[in-house]
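Note sheet for the following structure.
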2 protein chains.
Amino acid sequence: MTTPQAIDWNSLASELTGIEIIDDPTKVAKLSLDYYHFSPVLESQLKDKRGNIVVRPTTVAEVLEIARVCVKYKAPLTVRGSGTGNYGQCIPLNGGLILDTTRMNQINWIKPGLASVQPGVKLAAFDKEAHKIGWELRMAPSTYRTATIGGFIGGGSGGIGSITYGVLRDRGNLHAVQVVTLEDQPRVIELRSDQVQKVNHAYGTNGIITELEIPLGPVYPWAEVIVVFDDFMTAARFGQALGDADGLIKKLISIHAWPIPSYFAAVSNYLPEAKHCALLMIAESSLEPFQDLVREYGGEVTYQKSAHEASKGVSLAEFTWNHTTLHARSVDPNLTYLQTSFVNLEQVEHLYHHFGDEVIMHLEFMRVAGKLIPVGLQIVRYSSEDRLNEIIRYHEDYGALIANPHTYILEDGGMKTVDMEQLRFKEIVDPYGLMNPGKMRAWEHR
Amino acid sequence: MTTPQAIDWNSLASELTGIEIIDDPTKVAKLSLDYYHFSPVLESQLKDKRGNIVVRPTTVAEVLEIARVCVKYKAPLTVRGSGTGNYGQCIPLNGGLILDTTRMNQINWIKPGLASVQPGVKLAAFDKEAHKIGWELRMAPSTYRTATIGGFIGGGSGGIGSITYGVLRDRGNLHAVQVVTLEDQPRVIELRSDQVQKVNHAYGTNGIITELEIPLGPVYPWAEVIVVFDDFMTAARFGQALGDADGLIKKLISIHAWPIPSYFAAVSNYLPEAKHCALLMIAESSLEPFQDLVREYGGEVTYQKSAHEASKGVSLAEFTWNHTTLHARSVDPNLTYLQTSFVNLEQVEHLYHHFGDEVIMHLEFMRVAGKLIPVGLQIVRYSSEDRLNEIIRYHEDYGALIANPHTYILEDGGMKTVDMEQLRFKEIVDPYGLMNPGKMRAWEHR
């Protein structure tokens with residue numbers, strides 16, 4: 001890899017005729033960001049990182065051409081979708097060329113249960129088309145409206161819908177990807193079935209994704225509901241019970257301890273002072289029996305919109321998963337967050353009481369290997385990096401697995417271990433280590 | 001209750017003008033049966049039980065009239081659908097009037113996720129209509145082609161589809177029922193939401209179901225697949241793994257130890273000697289990643305039909321759940337069965353080895369409170385009632401819950417305990433104890 005300073009960017013750009021290039025520094029700076037500012041740790045590490053130029057291809061042929069030129073100049077290449085990640089997944093640590101996929105936004109085909117798309121298709125835009133034949137994406141992050149499918153696969157893991165289908169990493173949730181290599185002779189490789197794990201959630205370190213085949217779920221009309229509770233653990237147990245109720249169809253169970261609901265300005269009318277809340281997406285056809293569950297747990301429904309009504313305003317989904325952190329930080333920029341896999345609600349209860357107001361509980365429910373578990377995206381009142389690490393250690397010592405969102409290193413986040421399959425694939429497709437350098441530790445330290 | 005011998009049946013029948021009545025003894029005898037002959041114990045207890053007359057109403061008004069007449073004569077009344085149960089649920093222990101619901105076969109409406117039907121609508125006939133708008137019953141027994149919806153609710157519990165939606169008893173799997181009472185002034189009562197549990201799986205002991213509101217699931221094109229394995233426990237673990245794979249969509253996972261596959265004559269070409277098999281319904285869109293799971297467990301796919309192909313021939317579903325027993329008994333009438341909830345596959349493994357060829361393992365997978373568990377419908381080589389009870393006791397001592405299929409008593413089967421809610425409801429709606437007498441022990445012994 002050549003340092004960006006040593007590269008003649010004008011010369012490089014001149015070889016990319018017909019491909020949209022952005023070199024205006026303000027625009028390049030904007031396209032060198034994601035939401036890493038959620039983390040004060042990442043903020044200080046990443047705030048000065050900038051690419052040199054941005055390219056916006058529209059076809060695989062253009063991507064192949066970009067790959068050829070990057071290899072020729074040994075230029076760092078970082079792929080991005082809409083830049084809605086939170087861990088600096090697409091931040092160009094070594095500068096270089098940024099490949100923005102948002103113009104590769106063609107839907108190739110949609111059929112019952114399956115679709116083929118270019119990586120830059122936005123999630124919400126895709127669903128709008130898929131809904132026409134009764135299908136939708138199985139899962140989506142809270143950045144649903146702006147995030148791209150390629151970005152979600154490259155840097156995401158799960159979200160709204162994971163309560164039914166698990167996470168992207170689960171077999172069957174990604175059927176195929178096509179990637180362009182950064183070899184001396186760049187080529188297109190198709191990975192199908194289990195082979196997709198070579199590039200799934202690899203932060204774009206080992207191949208430029210140019211096409212994806214993704215499975216779909218059937219559309220239910222999803223009603224949106226807020227239920228409030230006097231007691232947080234009752235809200236949490238309600239969430240678990242709803243998740244475990246196989247006869248009630250749901251897409252989202254998001255539980256928030258007070259004062260998190262106070263950060264949700266747009267729906268504040270439905271969130272009484274000092275109450276804990278559940279933000280839910282429930283199939284309209286399950287709403288009636290659902291009321292019995294609410295009654296059983298002593299909850300109060302303060303908000304209920306049909307799917308049709310919900311489609312016209314702001315979706316409750318936009319207050320859940322990582323958007324919770326976004327809203328919290330818009331009120332108090334000193335807030336940050338954690339990502340935690342809990343074993344059970346007993347663990348949640350201990351940690352909820354242990355940290356009091358310093359770590360405010362936010363739970364999402366999702367399926368992991370067939371079992372419903374609570375995951376935490378707790379809001380943390382940040383004091384120092386040391387204290388943050390102390391909090392993380394306490395969780396881990398207590399047996400709660402932290403997927404640290406305060407690192408941009410692939411292996412230090414949710415993965416925890418070196419993924420040898422991804423490393424081996426990088427050795428083949430990116431022999432010069434040009435792709436998103438600095439993110440895959442196994443490569444840097446090999 | 002008056003004994004049937006003391007009732008003037010001609011007089012009673014004469015009060016039911018305009019309602020179809022069957023009094024031909026051969027026909028009445030035929031409509032006094034179900035599949036209790038699966039159990040040699042029940043066979044000897046029930047084989048002589050006959051109703052006196054059969055009525056076939058078509059409207060709620062006719063049912064109210066029948067109820068009025070039964071109350072007037074204090075005549076026993078037993079409701080039946082297609083008589084496809086296996087525990088004598090609809091056998092008239094005290095004779096009397098048999099109410100056959102099969103002419104109450106109107107579908108009132110079907111909308112996305114929900115439908116309203118009369119009780120005599122057959123499951124397969126319903127799905128044929130519902131498929132037109134992309135929906136289907138959430139679950140069905142293997143008697144799908146002939147069984148009625150009312151009969152399934154009154155006497156069934158779950159089946160094909162329970163791997164996703166749990167059982168009928170789970171909140172949300174039955175929205176509402178309308179029942180006609182046997183009070184001095186018979187009336188129509190509607191039970192909604194949790195209230196439905198008053199009559200759900202009550203063998204028709206406490207009200208005549210005249211209408212049901214049932215939730216639906218979205219239709220996937222269901223491919224049918226047979227996978228064979230050298231080793232039974234590998235087949236069982238494959239079944240569990242497939243069930244727990246949230247990214248793979250399935251409707252049926254049915255695992256059979258050899259020699260059970262040898263009983264499936266119609267598909268014998270696909271069931272090699274001495275191999276254990278998995279009979280599966282998998283969403284067509286999940287077939288590709290599914291192959292990786294098969295490979296991981298060393299299975300061999302011997303049969304694979306698309307949903308369209310499968311719809312034209314015999315469905316694999318017809319070799320699963322209780323149909324397995326049917327096919328086994330058609331080869332060897334000395335075979336009977338058990339119904340077992342296992343805690344896990346370790347328990348299955350012990351019992352598989354412990355009983356050897358006397359209790360041949362047949363597993364179905366289903367969700368119970370959000371968790372996938374293996375249930376057994378093991379085939380048993382019957383020697384005596386004592387030995388059968390010994391086998392049952394061994395299972396129970398080992399911690400495997402037996403839902404005894406060798407009893408017609410409600411509380412002695414899957415329920416295990418007196419359902420006070422059902423008893424209280426019977427006290428209201430059937431004060432003379434006319435409905436399906438002898439089935440609810442709590443009533444008989446109150």
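Fair warning: this is a prediction, and the values are worked out from it, not measured in the lab. A, B, ... follow the sequence lines: proteins, then strands. Residue 1 opens every chain.
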*For chain A, which residues of residues 155-167 of chain B have at least one non-hydrogen atom nearer than 4.5 Å to it?*
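Only B:Thr164, B:Tyr165, B:Gly166 of residues 155-167 of chain B have a heavy atom under 4.5 Å from chain A.
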
*Neighbours of chain A found in residues 292-301 of chain B - heavy atoms under 4.5 Å*: B:Asp292, B:Leu293, B:Glu296

So, for [X] and [Y], which heavy atoms are closest and what is the spacing to 0.1 Å?
X: B:Gly113; Y: A:Ser285; answer: O-CB, 3.6 Å
X: A:Gly217; Y: B:Tyr220; answer: CA-OH, 4.0 Å
X: A:Ser286; Y: B:His175; answer: CA-CE1, 4.4 Å
X: B:Gly370; Y: A:Arg367; answer: O-NH1, 3.2 Å

_Choice from B:Ile249, B:Leu168, B:Leu114 maximising heavy atom contacts with chain A below 4.5 Å_ = B:Ile249

*asked:* Rounded at 0.5 Å granularity, tell me how far CG in A:Asp170 sits from CG in B:Leu248.
replied: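 Nearest 0.5 Å value for the CG-CG distance: 9.0 Å.
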
*B:Glu288 side, atom CD; A:Arg171 side, atom CZ - distance, nearest 0.5 Å*: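 It is 12.0 Å, given to the nearest 0.5 Å.
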
_Using only non-hydrogen atoms and a strict under-4.5 angstrom cutoff, which residues of residues 189-196 of chain A touch chain B?_
A:Arg192, A:Ser193, A:Asp194

*Mind checking which of residues 126-138 of chain A sit less than 4.5 Å from chain B, heavy atom to heavy atom?*
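The residues closer than 4.5 Å to chain B, in numerical order, are A:Trp135, A:Arg138.
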
*In terms of heavy-atom contacts, does NZ of B:Lys371 have more than 12 from other residues, nucleotides or ligands at under 6.0 Å?*
no

